Structure formats: structure tokens, C-alpha cells
Amino acid sequence: MDGEEVSKVEGETRRRRKGKGKERGENPARNRQQNNFLPSSSLSGCQIRTEVSKARWVEEIGMAQVIEKNGSLWATTGVIRNGNLYCHIEEIGYLAQIGALVLLDDGENVMGLKDIFTKCADRRYGCTWEFFEAYRDLKSLGFIVGRHGQPWSLKHDNLKPNSNFTVDTDFIADRIEELQIGAANLIFDIYKPNSKFKKTDPGAPSFIICLVGDWPPIRKEVEYLEEKCKLVPLKFCHVNHGDVRFFSFPEVSLPVLP
Amino acid sequence: MELSGPRWKGKNYAQIANSNPMSEIIAQLQVCLSNSESAALPIGTDFLLETEPELTDLFNCTSFGRQLKTSNGSKGYFQLSPEETFYLHHYLNCLKVLINNANLINVNDLWNFMRSRNELFPIYYRAYMHLRSKNWVVKSGTNNGVDYVVYRHHPELVHSEYAVIVDWEKESGEKEGGRLRVWSDLHCAVRACNGVAKAVLLLNVMGYEVKFSLPELLERMTVGERQITRWLPSQCRDDCKLDNDVEADDIDVASDKNVINHTTRYWVVPLQTQTQPEIGEEDSDYAPSMSL
């Protein structure tokens, strides 16, 4: 149904084995068949990345500061605060899963995917597991995805480095209140893939994503959310066991026919 | 919103439809039916109408009811749904209805009769009336697991564009209808309808109260229209219709032995004297424009 997808296999990326079977004089294909009835393509992992960035988790603000930036992906990922680059947990989760980011704790220890995924699902950081799955789905298709209503770039004048996150922590606190189970929430501002995207001047989003909870939205909810989005098209997202689907409910008017 | 527009079933069919506006044919039906002695009788949950040849043709052209196949060549027998019956009787004011083979019934008594058989009748009638009054042809949606399917003109000329689900809420705004309650309802409706190249149209009938009389109901009940489409981010488009399956309504017409298959002779003989269209030949130009 959908287009290309990044492999969603959990765990570390795997190095492909080449040549080992041949060195032993064995047939690697036969080895696979003896040990596993699945076609080999279904066991593939993510492709290995050569450009890997590094970030450090900052618990006080619920984000990570990027300390080593590699690759062009940062043009459309992460937010700028007073000249520094930070990313949200869903961004960390996605980049770590595809092997583009290594996350350190406040020491020098690398945080594993299990811990990162657990943080994604931890509502304290303004994210839920379903929120992360929707983010991953859209990001892997090349969309530029930002948290709804949150500026991509902010400059604080005369603020000490450690105190310039007051705005963000308030924002996250607001989001935690909003992320009630079962409720419909506006979560992402989406921009179509654009090589000229500027965090300092992103423009209006192409559409806004609303993550819907347990029940399909009713008319009043749809109208209320549309009003909040003003003229930006709204898409509704439902995530169910990893299956991420999007719907539109545009108001229409069938023409009067002759 | 990308919609490929109407899919006409043959070359020149769009032109035939444009030359024969449905509103005009319905006006002819109104005159003919008003002047006719025929009256509809309850039969099961529907209504039966016996028609003379001219009326038979007009019923077929306006696509009201289902014509029953009989060996009687001189008379037509049409089975009308409650909504169709009431629309012809009330909105078009041309159909007589006989209850208990006795007296011709008036509109308020017929309304109460309809409601006594189905408490949801007012809601469905309001939705039906909303669509038919805009001159869309409205047929049963059972084949597609929905309430109605709507056509831009006669089903013999064009494929239906919308699969209609009717939901309703009270005057207070409280949702009353049980449609699309859970997510699988939504996924099911979209999947089933997109698979036969139809967009899902949700008609929300608002302002319903059981105690309303007919005039109150029609004045205070409004209908909102929303389309339900699945957005495919991988293709960055709304998927209103997929184009890979055979039209279900084509299959149904062929397999139902009790119902006369309408032929396009109705469009060629009484209303048109132009060259005949190429009946039965699907023009490849009419392959749907949306691709997977």
C-alpha cells in the first residue's frame, strides 16, 4: 500500500556477512535455508550510515543537545535555541534507529535503543509511542516534521546557557497536559520536502497532523480542530500496532446538477 | 483534493447526459405520474407501482425504483423504497399511495406510516431528499456496504462517484447515530469503497428530534457533507478512488435475474434521435485517471 519504508526492525543495525561462507567453502544460501525458512530479504536491517552525529541527553529540558553534527539532515531536523541545536525525543528515536545518531547520557555512556524507545513512550518528554511512530513514518518519507506550534529557531538575548529553556519546558508541560489518552491532539506541522527549507523562516506548514485517540473524531471535534488550524489543511492520524494511517475529512458540497 | 471526476460508461455518454438534464426528465415524470391513475401499494417493507408504458419509460430514465422482470409486456412493475415513495409523494407531489387497498393516504398519514415501520426513516429520508433534490440519482448502497451510492446521471451512463454513509446527531449536537464508531468502521468503509472507485461521503443529518412533525423536521434538520479519504504520505495525495477493481454495480446488474437490466435504448429512443452510442464497448479513454 505505502511507498518505500525504512526498515522497522528493532535493534542495532546489522553488518551483512560477506565472504565467510565462501572462505569455508560452504554455500551461504544453503546455510540460510537450513537454519531459517524465511526468504533472506525479510531479515535485512537498515543500511549502514557513514555520517553519524552525536548528541547528549539533557534531562532538565527533556531534549538532547547535538554535540557533533554530521550530514545534511540537520537542515530539517532539530530546533535552534540561542545558537545551539537540540532535538526532541522522537527525532532522537528516529535517527538512532536508522543509525544516524548516537545518544550519550550526561556522562560518556552511549544510550541504547531500548532506553531511547522507552523515553519516546514516556509522556514526560512530550511524546508518546504512537506519536513517535507517526513521526518516524513521515520523516522516513522525506517530509519535514516539526512539533505543532513550536518555533524551529529561537534566540534569547542576555540569557545564561542553562536558563534559556524556560520557554521550552513550559511548552513541554503544556503538551503533557494535552497528550491525554484518547483525546485528539494537534501534533505536527508538516512541510513538503524542500531543499530550501530555513529554520529561521519556515513559512506556513503544508498541513497539520492531528493524532486521534481511541475513537474516530466526531463532527464537533473535527470542526473545532479545523478552526484551530485556520486555513492549513488538517490530516488525522490513527496509529494501531505500528500501522500508521492518515485520513482527511474535508467539508464538501455536492453540486446541484442540471 | 484530487478527484478524477465522473467516469462515463461509453463514448458520448457525457454528451447524452448533458443533453438530457435529469431535472427535465423528472419534470416529465411528475406530469405523467400526476395524471396517471396508478397508486403505490405497500409490499413488504417497500412499495409496488404498476405503470403504463409511458410511465415505465420515465421511471427507467429517472432511475426511481427497481423494475421487476415479468412476462407482461404492456405493464411495468416497479418496487420503490420507502424514501423513493415518500420523495415522489411529498417532494415531487405526484405519486398516490394506497394503504390497505382502501383510501389514498395524505402526506402526514403516510409520514406516520413510514415512521411506524422504521424509526430511522426521517433521518434516511432527509438524507435521500438532500441528494435527490440536487438531481443526483440515489440508489441502494447495500452492494458496497454503505447506505446509498450516488450517480451524476443515470447508472447506465455513468459509474457512481460516491458511496454515502448517513450519520445523525440531535439538536443539541450530541452524536446519536452509531456510524463510524470505531476505527475499523472507518478503515473498512474507505477500503471497500476505494476498491470500487468510489469516494466515501459522510452525510451528517443534524438537529434530529423524535417528536418533530414532518414540517418541523424538514425545516430544522440540516445535512452536512464531508468526504472521508485516506491520505497516502508516500504519494502525497488523497486517495479518493483506486482504479484496480471491477465496478460492483456492473456485476450486480448482470447477476440479478429478477430485475430488468436497463439498456441504453431508453436514452436513444425516446429522448434522442442522434446517432447511437457504441453500446457495451468500454472505451479505453475512460480508464480512471488515478493511479496507485
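Residue numbering restarts at 1 for every chain, and letters A, B, ... go by the order of the sequence lines. Keep in mind that this is a model prediction, so the values were computed, not measured.
Both the backbone and the side chain of B/R152 come within less than 4.5 Å of a heavy atom of chain A. Heavy-atom distances place both the backbone and the side chain of A/P255 under 4.5 Å from chain B. For a residue to count as touching a neighbouring chain, one of its non-hydrogen atoms must lie under 4.5 Å from one of that chain's; by this rule B/E24 does not touch chain A. At a 4.5 Å heavy-atom cutoff, the contact between B/L131 and chain A is made by side-chain atoms alone. Neither the backbone nor the side chain of A/F236 comes within less than 4.5 Å of any heavy atom in chain B.
Residues B/K134 and A/L257 form no side-chain contact, since every pair of their non-hydrogen atoms from C-beta on lies 4.5 Å or further apart. Within the 4.5 Å cutoff, side-chain heavy atoms of B/V182 are placed close to those of A/W215. The shortest side-chain heavy-atom distance between A/E251 and B/Q227 does not fall under the 4.5 Å cut-off. Within the 4.5 Å cutoff, the side chain of A/R245 has heavy atoms near those of the B/H187 side chain.
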Side chain to side chain contact (heavy atoms under 4.5 Å, CB included) for A/V212 and B/W183? Distances and angles first, verdict last.
CA-CA 10 Å; A/V212 196; B/W183 278 106; 3.6 Å; yes
Check step by step if side chain to side chain contact (heavy atoms under 4.5 Å, CB included) holds for B/L186 and A/F249. CA-CA 11 Å; B/L186 213 80; A/F249 303 125; 3.9 Å; yes
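Within a 6.0 Å radius of CD in B/E216, more than 12 heavy atoms belonging to other residues, nucleotides or ligands are found.
In terms of heavy-atom pairs under 4.5 Å with chain B, the best-connected choice from A/V252, A/V222, A/I190, A/V256 is A/V252. Ranked by heavy-atom pairs shorter than 4.5 Å toward chain A, the options B/E169, B/R181, B/E225, B/H130 are led by B/E225.
Using the six-membered ring where Trp is involved, B/W231 and A/F246 have ring planes that are perpendicular, over 60° apart on the 30 and 60° scheme.
A salt bridge links B/R226 with A/E226: the closest approach of a Lys/Arg side-chain nitrogen to an acidic carboxylate oxygen falls below 4.0 angstrom.
The two atoms that bring B/P233 and A/D137 nearest to each other are CG-OD2, 4.3 Å, heavy atoms only. Contact between B/S23 and A/P258 at its shortest, heavy atoms only, is OG-C, 3.3 Å.
B/E161 CD to A/L254 CG: the interatomic distance, rounded to the nearest 0.5 Å, is 8.0 Å.
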